[in-house]
**Student:** 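One structure, pasted below without further comment.
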Amino acid sequence: MESIIREGTSKTPAIRFDAKQGLIEMKGRSIPENSTEFFTPLVEWLDKYAADPAERTKVNIHLEYFNTSSSKCILDIFKKLESIYKANNEVIVNWYYEEDDEDMLEAGEDYESIIRIPFKLIEIDDH
Amino acid sequence: MSFNLQECYRQMNEGDVLLAYKGSITTELITNVLEVIESKLVDIKTASATRKKVYNVLVESLQNLFHHIDDIPEEIKDEFDARFGILVIAYEGDYYRISTGNFIRSQKVPELRKKIDKINTLSREELKEMYKYVLNHQKLTPKGGGGLGLIDIAKKTGNKIRYRFNPYNEEYYFFNMNVFVTVEKRSR
């Protein structure tokens with residue numbers, strides 16, 4: 001299965017979806033006006049990945065900003081991952097946030113409370 | 001005396017203005033505004049927590065404007081750009097104020113008024129619950145709006161959303177919204 005690798009832009013995050021490594025990574029900003037356009041291919045990729053996932057899927061989400069339009073799409077991604085987890089595969093989410101960014105910590109906690117997969121909230125000291 | 005747009009713009013421009021714009025609200029404009037404001041906030045050495053909040057709230061305000069702008073009234077189509085909107089970002093000592101203005105069809109006013117009034121009565125915890133509920137239950141519109149923008153703004157700022165519907169003519173109001181981001185006093 002082919003990987004998705006995308007460079008980050010001022011409005012969209014860097015993406016690395018690697019089936020072989022079982023690695024799902026999203027880093028940077030996600031603030032496009034229409035997030036569906038950006039996220040649909042990623043959700044579709046996960047649909048295929050779910051059919052034959054790696055033994056262990058590691059998910060690293062390290063976002064500086066995301067808008068409410070993206071927040072729904074990110075939830076869609078987590079829901080796909082949840083179905084992979086429920087099918088008895090190992091999935092771990094690492095949600096990174098900068099130490100002074102309470103909103104990003106809270107966003108991670110919100111997802112953690114909606115999605116039933118192991119969730120680690122990891123503080124990054126950027127000073 | 002009917003509503004005067006110039007006077008409204010003048011009032012919006014009170015205080016220490018970082019950026020003021022009136023015209024067409026496009027994707028490109030949003031990108032440019034965000035770039036300008038981001039570098040200005042770094043220049044004035046705002047605490048990073050405040051900077052992030054201003055940026056976040058600005059993104060939501062602009063995209064709300066982008067998604068919900070109504071066509072401008074027929075009789076002034078020659079005077080204004082299509083998708084006309086106003087944006088002012090000002091520093092007011094204790095707050096950053098983000099003001100937006102746009103034409104809205106009269107029939108949409110009661111619902112929007114009800115929505116903001118409701119949001120303004122909610123506590124932080126209630127906003128958090130409402131956000132999670134809408135996030136989990138409401139579908140995105142084809143344009144990418146999710147009904148979360150105003151809730152997110154209220155939740156992140158912790159301040160009431162101030163607004164005014166100025167009657168323009170029978171069919172339109174000019175909607176003016178002000179949101180306030182409190183400046184973090186703790187310096188790091």
Side-chain angles (χ1 to χ4, degrees), chain A residues 8-13 28-43 62-80 82 96-117 119 123-127, chain B residues 25-32 34-35 38 47-67 124-125 127-153 155-158 181 184 186-188:
Chain A
T9 70
S10 63
K11 282 192 177 173
T12 56
R29 301 174 175 204
S30 185
I31 52 169
E33 277 74 44
N34 190 344
S35 51
T36 318
E37 218 173 86
F38 181 81
F39 281 96
T40 300
L42 303 178
V43 175
H62 184 178
L63 292 172
E64 188 188 1
Y65 296 110
F66 66 92
N67 60 1
T68 53
S69 177
S70 299
S71 69
K72 295 214 169 218
C73 298
I74 294 169
L75 181 64
D76 287 343
I77 287 186
F78 282 140
K79 285 191 168 162
K80 295 282 170 212
E82 186 181 39
Y96 294 92
Y97 65 98
E98 313 279 333
E99 64 164 339
D100 60 354
D101 197 345
E102 285 166 26
D103 290 327
M104 197 53 80
L105 167 63
E106 194 174 301
E109 289 169 347
D110 286 349
Y111 285 120
E112 186 184 20
S113 72
I114 297 173
I115 298 295
R116 305 271 160 238
I117 39 179
F119 221 94
E123 182 180 294
I124 301 167
D125 188 352
D126 57 345
H127 298 279
Chain B
I25 306 292
T26 62
T27 301
E28 294 72 34
L29 172 88
I30 294 178
T31 309
N32 292 338
L34 291 175
E35 258 173 44
E38 190 167 29
S48 110
T50 307
R51 204 162 67 217
K52 279 182 186 159
K53 255 188 215 296
V54 172
Y55 192 86
N56 261 316
V57 171
L58 182 60
V59 168
E60 287 310 320
S61 306
L62 281 168
Q63 291 181 344
N64 239 343
L65 196 57
F66 179 81
H67 287 304
R124 212 189 117 65
E125 274 315 302
L127 282 169
K128 209 174 134 92
E129 285 312 309
M130 189 183 190
Y131 182 91
K132 275 204 282 188
Y133 182 83
V134 176
L135 174 67
N136 206 8
H137 293 91
Q138 209 157 297
K139 288 255 173 288
L140 277 186
T141 65
K143 285 187 293 182
L148 280 169
L150 292 173
I151 305 169
D152 187 62
I153 288 170
K155 182 163 79 90
K156 286 205 170 107
T157 63
V181 179
E184 183 84 39
R186 259 180 309 142
S187 61
R188 299 166 43 88

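These numbers come from the heavy atoms of this one structure, side chains and all, not from hydrogens, waters or symmetry mates. In what follows, chains carry the letters A, B, and so on, assigned in the order in which the sequence lines appear, proteins first and then strands, with residues in each chain numbered from 1.
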**Student:** Report the option among B/D152, B/V59, B/T27, B/L34 that has the most heavy-atom pairs separated by less than 4.5 Å from atoms of chain A.
**Tutor:** B/T27
**Student:** Please walk me through it: do B/S61 and B/N64 pass side chain to side chain donor-acceptor pair (under 3.5 Å)?
**Tutor:** CA-CA 5 Å; B/S61 306; B/N64 239 343; over 6 Å; no
**Student:** Between A/Y97 (side chain) and A/E106 (backbone), is there a donor-acceptor pair under 3.5 Å?
**Tutor:** no
**Student:** Please determine whether a side-chain nitrogen of the Lys or Arg among B/K128 and A/D110 lies less than 4.0 Å from a carboxylate oxygen of the Asp or Glu.
**Tutor:** yes
**Student:** What option among B/K155, B/K53, B/Q63 has the most heavy-atom pairs under 4.5 Å with chain A?
**Tutor:** B/Q63
**Student:** Side chain, backbone, both or neither: which part of A/I31 has a heavy atom under 4.5 Å from chain B?
**Tutor:** both
**Student:** Under 3.5 Å, is there a donor-acceptor pair between the A/S35 and A/K72 side chains?
**Tutor:** no
**Student:** Please determine if A/R116 and A/E82 form a salt bridge, counting it only when a charged side-chain N lies under 4.0 Å from a carboxylate O.
**Tutor:** no
**Student:** Between B/L135, B/N136, B/I151, who has the most heavy-atom pairs with chain A when the cutoff is under 4.5 Å?
**Tutor:** B/L135
**Student:** Can you tell which part of B/L62 gets under 4.5 Å to a heavy atom of chain A, answering side chain, backbone, both or neither?
**Tutor:** neither
